[in-house]
Amino acid sequence: MSEQKNAIQTSITFPSDKPGEDFIDEIAGFLFTHLDQYGDKIEDIKKCLNYALSSEKGKGGFVVTARDDKNCIAGVVVINLTGMSGYIPENILVYIAVDRAQRGKGVGKKLMKATIDNAEGAIALHVEPDNPARHLYTKVGFTNKYLEMRYQPEK
């Protein structure tokens with residue numbers, strides 16, 4: 001990496017790295033703050049992170065973190081393994097967020113490249129039609145093959 005001001009470094013955290021609660025809290029707090037209207041409750045974000053970083057059979061995934069030269073988080077991706085292949089992609093990109101101050105500087109593209117490079121198999125993601133990140137996903141090779149429909153039972 002070049003020695004330029006505000007250089008962004010990515011790192012990958014796998015279940016085998018055994019990250020602690022401090023890491024989960026830091027990442028969950030960042031996602032809760034920067035997902036904007038596309039976010040979830042912090043407890044749901046933590047459930048996703050615990051799944052991604054679990055070494056239990058049938059769970060797992062990884063977290064991609066981009067940090068600036070001051071070690072502040074610039075962006076995060078969370079991948080959950082689906083445990084399937086062929087008919088369902090092996091990975092689902094559950095969360096991606098970039099700090100508002102870092103948007104438009106290539107952080108999202110760097111995160112997506114690191115994600116694609118570290119995922120084994122296909123990756124699926126859900127994106128709202130009005131989410132400007134759709135353009136990034138298309139740029140890095142994602143296609144829109146399906147219209148998703150969901151049934152949500154009343155609680």
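Within the 3.5 Å criterion, the main-chain N or O of A122 finds a donor-acceptor partner in the side chain of E90. Without hydrogens or angle criteria, K110 side chain to I8 main chain gives a donor-acceptor distance under 3.5 Å. A donor-acceptor pair is defined here as one N or O able to donate and one able to accept, closer than 3.5 Å; no such pair exists between the side chain of D99 and the backbone of G75. Listed for the D68 side chain is a donor-acceptor partner under 3.5 Å among the backbone atoms of K70.
To the nearest 0.5 Å, atom CG of residue L136 and atom CE of residue M112 are 6.0 Å apart. Atoms OH and CG, from Y51 and L81 in turn, are 6.5 Å apart once rounded to the nearest 0.5 Å. A distance of 9.5 Å separates OG1 of T115 from CG of N91, quoted to the nearest 0.5 Å. In this structure, E21 CD and L49 CG are separated by 10.0 Å, a value rounded to the nearest 0.5 Å. Going from atom CD of Q102 over to atom SG of C72 covers 9.0 Å, rounded to the nearest 0.5 Å.
I92 pairs with exactly one of L125, V78, T82 by the side-chain contact (heavy atoms from CB on, under 4.5 Å) rule, that one being T82.
Closest non-hydrogen pair, C48 versus N80, comes out as O-ND2, 3.4 Å. Closest approach of A101 and K105 over heavy atoms only: O-NZ, 3.1 Å. What you find for L111 and V77 is that their closest heavy atoms are CB-CG2, 3.8 Å. Scanning all heavy atoms of the two residues, the minimum distance from G60 to P15 falls at CA-CG, 4.3 Å. The two residues F23 and L53 have their closest heavy-atom pair at CE2-CD1, 3.9 Å.
The 12-atom threshold is exceeded at CD of E43, counting heavy atoms of other residues, nucleotides or ligands nearer than 6.0 Å.
Under the 4.5 Å side-chain heavy-atom criterion for Ile, Leu, Val, Met, Phe, Trp and Tyr, I79 and V127 are members of the same hydrophobic cluster. V107 and F30 fall into different hydrophobic clusters, where Ile, Leu, Val, Met, Phe, Trp and Tyr side chains are chained together by heavy-atom contacts under 4.5 Å. Grouping the Ile, Leu, Val, Met, Phe, Trp and Tyr side chains by contacts below 4.5 angstrom, directly or via other members, places F62 with V140. The cluster map of Ile, Leu, Val, Met, Phe, Trp and Tyr, joined by side-chain heavy atoms under 4.5 Å apart, puts V64 and V94 in different clusters.
Using a cut-off of 4.0 Å between Lys/Arg side-chain N and Asp/Glu carboxylate O, R103 and D36 are scored as salt-bridged.
Counting heavy atoms from C-beta outward, V63 and I12 have side chains that stay 4.5 Å or more apart. I96 places none of its side-chain heavy atoms less than 4.5 Å from the side chain of H34. Put simply, the side chain of F142 reaches to within 4.5 Å of the side chain of I123, judged on heavy atoms. Using a 4.5 Å heavy-atom cutoff, the side chains of I27 and K46 are not in contact. When side chains are defined from C-beta on, D44 counts as touching K47, because their heavy atoms get closer than 4.5 Å. Counting heavy atoms from C-beta on, the side chains of F14 and N118 come closer than 4.5 Å. The shortest side-chain heavy-atom distance between Y38 and D130 falls under the 4.5 Å cut-off.
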Exercise for review: Could you please spell out the steps behind the side chain to side chain contact (heavy atoms under 4.5 Å, CB included) verdict for T65 and T10?
Suggested key: CA-CA 5 Å; T65 310; T10 58; over 6 Å; no
Point to revise | CA sep, side-chain torsions, deciding dist, call: D40, Y95, side-chain hydrogen bond (donor to acceptor under 3.5 Å, both in side chains) | key: CA-CA 10 Å; D40 291 323; Y95 295 116; 2.6 Å; yes
